[in-house]
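The analysis underlying the following values was restricted to heavy atoms, covering all of them including side chains, and did not include hydrogens, waters or symmetry mates. Per chain, numbering begins at 1; letters A, B, ... match sequence-line order.
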2 protein chains.
Amino acid sequence: MTDTRSLILDTAARLFAEQGYVAISMRDVARAAGMTQANLYYHFRDKDQMINDTLAHLFASRIASLDEVLETHLADGDELERFVRWMVKLLAEDIVFARLLHRELLDGDAGRLANLAQAIFLRPFTLFTEIVSAQGRRSDPRPLALSAIALIIGQILVLPLMPLLAGNAYDVNNPDPMVTQILAMLRPALSEQS
Amino acid sequence: MTDTRSLILDTAARLFAEQGYVAISMRDVARAAGMTQANLYYHFRDKDQMINDTLAHLFASRIASLDEVLETHLADGDELERFVRWMVKLLAEDIVFARLLHRELLDGDAGRLANLAQAIFLRPFTLFTEIVSAQGRRSDPRPLALSAIALIIGQILVLPLMPLLAGNAYDVNNPDPMVTQILAMLRPALSEQS
DNA sequence: GTCTATATTCCGATAGAC
DNA sequence: GTCTATCGGAATATAGAC
C-alpha cells in the first residue's frame, strides 16, 4: 500500500484540478482521502505548502515520461511527430495534469511560474527549437517553438467548445486526429524559409 | 455618473479576472466598489447571479467590437490579417476579458460554455471558416478554424512563459509581433491543399 | 437604495488524548 | 500517526432602520 503522504498528494491533485485551490478545503481533501482534517497538518505545515508539494509531486512524475520517449526512441522516425504525439497524449489523457497546468498558467505567481517553466516547459521547448534549427531555418527558432506549445495547449483548452462549434469532438482516447491537425499546421510553418 | 449596477459589474469583473470567483468575496467586491456588502444583495439575488451577470455584461460589450471591425472594413485589405489582428488585440489589450475567458474555458459548466460559444466564439469561428473556404480548400474548414482560435488563445496563455523560455516578451501594447508570428503559422497551413 | 447588525455555516489551524 | 474537540475569523445571506 502506498504511503499516506502520497495518497494525500494524489487526492489533492485530483480535487484541485477539478475545482481549484481556493474552492477545495482541507476538510474536502481529508474526507476524500479517508482521514480527518487535523491529520493533514501532521504531513504538511499549512494549505499553501500542501498545494506546492502537490504541484511539485505531479509535475515531476509527468515530465519523467518525456525522458523515456527521448531515450528509448531517439533514433527512429519523425522527431517532430513523436514530440507532438507525446505532448498531446500527455495533455489529452491526463486531465488532472492538464487542468493543473492551466490553473498555474492563469494564477501562478512569479515563483511558481518559474518552477513551471523549469520543470515542465524547458525541455520540450529546447527540444523543439533543436528540431526547428535542424530544418535549416536561419531565423530565431524560439517564437515558432513557443507557438507550437501554444497551439497544443490551446487545442486542449478549446476542446469543450468543439461539439458546440464544429459539431463533433476529438476522442480523448484517440489523440490521432488532433495530432494530425497540429502537424498539418506545424509542418508548413516549419518548411517556410525566412 | 454611471449607475450603481454597472459600477458593481465592472468592479466584479476586474476582481474575478484577477483572482477567480471563489477567492473574491462579496465583501471584496463591495469594498472595491465603495459600498457595503449588504447593498450588493439589493442589486443581485446572490453571488452566483452576480457572477453570471458580470460575465454576460462583459462578453456582450466585447464581442460588439467585432461587428464594428466587420462592418466598417469589410471591403479592404487582407481579411485574415484583419481578423487575427482584431482577436489578438482584443485578448492582449484587455486582460480582464482574456482572463475571464480562460476561467470560463476551465471552470464553466455546460450552460455557461454554451453561452460562451454562442456569445463570443460563434461569429469569429464562422468568419474564419468562410475565410478558409474562400481559399478554395475542399476539406472541412472547421478543424483549421478551431486551430486558429486555439493558437491565438494559447499564445496569450503562454505569454508569461516567454521571458522565462525565450528570453524576451511580446509587448502587450504592441501586438504586431504576435500577429506576425500567428499569421506566419496560419498562412502556410491555409495555402496547403488537402 | 444604502446602511447597521446579526444569524448561520464553513474555513484554516491548534491542543492534546491515544 | 491519527484522532476528537475547539478557537478565532471570515464567508454568504437576511432583517430591518433610515
Selection: residues 35-48 of chain B, any non-hydrogen atom under 4.0 Å of DNA chain D: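 The stretch gives B/Q37, B/A38, B/Y41, B/D46, B/K47 as the residues lying under 4.0 Å from the strand, ordered by number.
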Any residue meeting side-chain hydrogen bond (donor to acceptor under 3.5 Å, both in side chains) with [X], in chain and number order, not counting sequence neighbours:
X      : answer
A/S65  : A/W86
B/D94  : B/R62
B/T180 : none

Solution key, residues 41-49 of chain B side-chain donor-acceptor pairs under 3.5 Å, sequence neighbours excluded:
| unit_1 | atom_1 | unit_2 | atom_2 | d |
| --- | --- | --- | --- | --- |
| B/D46 | OD1 | B/D48 | N | 3.4 |
| B/D46 | OD1 | B/Q49 | N | 3.0 |
| B/K47 | NZ | B/Y21 | O | 2.9 |
| B/K47 | NZ | B/I24 | O | 2.8 |
| B/Q49 | OE1 | B/R45 | N | 2.9 |

For residues 145-165 of chain A, please give each side-chain donor-acceptor pair under 3.5 Å, one per line with the distance, not counting sequence neighbours.
| unit_1 | atom_1 | unit_2 | atom_2 | d |
| --- | --- | --- | --- | --- |
| A/S147 | OG | A/P143 | O | 3.0 |
| A/S147 | OG | B/Q155 | NE2 | 2.5 |
| A/S147 | OG | B/Q181 | NE2 | 2.9 |
| A/Q155 | NE2 | B/S147 | OG | 2.5 |

Residues sharing B/V22's hydrophobic cluster, by side-chain heavy-atom contacts under 4.5 Å among ILVMFWY, directly or via others?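 Hydrophobic cluster check, B/V22: joined to A/V22.
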Could you give all pairs that pass the ring-ring contact (aromatic ring centres under 6.0 Å, His included) test and reach residues 107-142 of chain B, with sequence neighbours left out?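 Qualifying pairs: B/F83-B/F128.
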First contact, last contact: which nucleotides of DNA chain C are these for chain B, 5' to 3', heavy-atom distance under 4.0 Å?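 Contacts span C/dG1 to C/dT4, reading 5' to 3'.
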